[in-house]
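Down below is the structure, laid out as structure tokens.
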Number of protein chains: 2
Amino acid sequence: MATVARDAGVSVATVSRIVNGKIGRASAETIARVEEAIARLSYRPNSVGRALRHRASRVVAMLAPNLDNPAMAAIAVSVESALRDAGYVMILCDTHDRAELQDDYLRAMRDQLVAGYVMVSAVRSKGLEETLKRGDPTVFVARRNPLGGGAYVGIDNRQAGADVADFLLGCGIERPAVLMAQQNASSTSERAAGFIERLVARGVPNDAIRRAIGPGLSHIEIGYAAAGMLVREGGWPRGALCVSDMIAYGAYRLAVEHGVPIPQRCRLVGVDGNAINAWIAPWLTSIRIPYESFGGHVVAQLQSLWSGVSTSEVHVAHEAPSAWSNPGAPARPATGAG
Amino acid sequence: MATVARDAGVSVATVSRIVNGKIGRASAETIARVEEAIARLSYRPNSVGRALRHRASRVVAMLAPNLDNPAMAAIAVSVESALRDAGYVMILCDTHDRAELQDDYLRAMRDQLVAGYVMVSAVRSKGLEETLKRGDPTVFVARRNPLGGGAYVGIDNRQAGADVADFLLGCGIERPAVLMAQQNASSTSERAAGFIERLVARGVPNDAIRRAIGPGLSHIEIGYAAAGMLVREGGWPRGALCVSDMIAYGAYRLAVEHGVPIPQRCRLVGVDGNAINAWIAPWLTSIRIPYESFGGHVVAQLQSLWSGVSTSEVHVAHEAPSAWSNPGAPARPATGAG
DNA sequence: CTGAAAGCGCTTACAG
DNA sequence: CTGAAAGCGCTTACAG
């Protein structure tokens, strides 16, 4: 910047103003000279100097568990792209769903003077509490703030669960089961709750709804284990809600091992609608969550926080349960007929 | 830091030295006092101030196309974790395989004073040329430097292709085909080349090897399209190399639509060995690339570059073609018997 | 309309 | 063994 200033015969203050578009009645001639110097020297403002001065960078931290999950990857892609359009870049932190790692990252990100935090499926932790208390701009995605309150982007999980209940009942499956995780996140437990509530409301006896709860953190293994428990304690159900697509994948593997045809013998309904399903999981019905639209909402929430506007939860609409459809064609909503 | 200094009754220079462990014969008493102050005030050094002074941050930029590809996600996870262990954080830039976006990011990352670049499947571009000319620490992953030279981490793609040729021949499939992408990356074109070379070397007439080349950027759609071309021009082959798992997924979809049983009627062999295959793609044989080990190699390469040591290419060993195996159990290498 | 100066948080020769 | 001072690249009240 000093070089540009010298080259253009002005002060660095002037260069700074012009670079930042703060040209309240600046002389057109000066502007031209400076811009010419900038171009000639191919000068680019240094983000770090700027960040130090502002005490905030144009970097946003995204903390997420396991990118291995296609749903997480989809969120990351979407948020990254939306941030970029808004002039920010994203540091990706893989927390593996572990509180200590989350806190390590939270600290490291603070040292980076990040402009905000995107917490995907955050877990409760000391550091999260402090971040929130400090008032740092934070938006929660997919899983609500475990400490309550705060900006949030996600679907109405209870409704999604209810939709699956309606769908399975509509398929003539009168005693569907539910496969879920032991470590309960708000999102998946709400799906299960909404599912069960609706079944009960429609006349299914509460104790006729079989619940299988798999241990661990990996949803795919949870699905495999939960399906195993379910089958051991009473055979394959005719249909089941898997609270995430990954859980459905795990259950599928067991079905293949048992030679149980899916979906003919047991209809599995997942939640996420991973893009890959349309290619290699013709057997899966899933509630699609439009993760590709999450980025825009997350950035809007952040911008509200930055400008001091209070934010509320954003509920993105999910889609009806649907299965296999033609590539390129719009998703074919499954009719109740199964 | 000034606060800590005041609190401990020393200068900021002293605090800085102690924070950075530069305690050449420092008085133990001073150290204790400073550390106590640091703890009391829960002081943490500011990365941005540090970066400005050093003119280099502890941030590494990773530029990758489409995280939607599980292989890319696996690389991102691995690199992120290895960087973290080395005290760095990772900015993730999704280039969508487009040169202009890659250049935008390269510029933005330079402004961030990133310590290095991890280019996953980079494309040739002006900005890449400049970055390299400038001598910025850069390591290429999966796809070689399109401009030649440079640090690289990946498998021996030619050998992988040859292995698939041996495998298919060993299955008694005498006229296997190959499905590949039009936009040729070094990695996938080397796989195809190694495959064909080996087939020819083992007596398959060159013009008996059917090659299907799909257009576009999305490997899954490339696979679908390429399979379509292949089938239209001579029916389903008895076996094929798909130069990536995603391409195999695309081909699989067409097979399902055609009612062609995979692998009985047509054995598909992919490359990547995505973790998900073991759960929902029992029909796929794949060469597994141990992406989980890439992070360590990438960081080692970067550290060499930082310390001015010249680096060479790192070739990670891939695994033999294998299919469906028990979860938790070691991958069962497929025998030639099919 | 523009410049001089202070300061964001840190590090590092240079003195002492 | 430790401190005063300069400087990394930028922004912004304050003067003029």
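Just so it is clear: chains get the letters A, B, ... in the order the sequence lines come, proteins before strands, and each one is counted from 1.
Side-chain N or O atoms of B:Ser78 include none that pairs as donor or acceptor with a backbone N or O of B:Ile75 at under 3.5 Å. B:Ser42 places no side-chain N or O within 3.5 Å of a backbone atom of B:Ala39 that could act as its donor or acceptor partner. Of the possible donor and acceptor atoms, none in the side chain of A:Ser187 sits under 3.5 Å from a partner among the backbone N and O of A:Arg143.
Identified under the salt bridge (charged side-chain N to carboxylate O under 4.0 Å, His left out) test for residues 65-89 of chain A, with sequence neighbours left out: A:Arg84-B:Asp104.
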Which letter, B, S or -, goes with each nucleotide of nucleotides 7-16 of chain D from 5' to 3', with contact meaning a protein heavy atom under 4.0 Å?
BBBBBBB---
Show me, pair by pair, the donor-acceptor contacts under 3.5 angstrom made by side chains of residues 112-130 of chain B, not counting sequence neighbours?
| residue | atom | partner | partner atom | Å |
| --- | --- | --- | --- | --- |
| B:Ser125 | OG | B:Gln102 | NE2 | 3.1 |
| B:Ser125 | OG | B:Asp103 | OD1 | 2.6 |
| B:Ser125 | OG | B:Leu128 | N | 3.1 |

Donor-acceptor list for residues 3-10 of chain B side chains, cut-off 3.5 Å, not counting sequence neighbours:
| residue | atom | partner | partner atom | Å |
| --- | --- | --- | --- | --- |
| B:Asp7 | OD1 | B:Arg40 | NH1 | 2.9 |
| B:Asp7 | OD1 | B:Arg40 | NH2 | 3.1 |
| B:Asp7 | OD2 | B:Arg40 | NH1 | 3.0 |

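Evaluation of the side chain to side chain donor-acceptor pair (under 3.5 Å) rule for A:Asp136 yields A:Arg134 as partners, not counting sequence neighbours.
Heavy-atom contacts from other residues, nucleotides or ligands closer than 6.0 Å to CZ of B:Arg110 number 12 or fewer.
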Can you give me the dot-bracket string for DNA chain C, 5' to 3', counting Watson-Crick and G-U wobble pairs with both distances under 3.5 Å, using [ ] for crossing pairs and | for partners on another strand?
|||.||||||||.|||
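Spacing of C1' atoms, C:dG16 relative to C:dT12, comes out at 16 Å, to the nearest Å.
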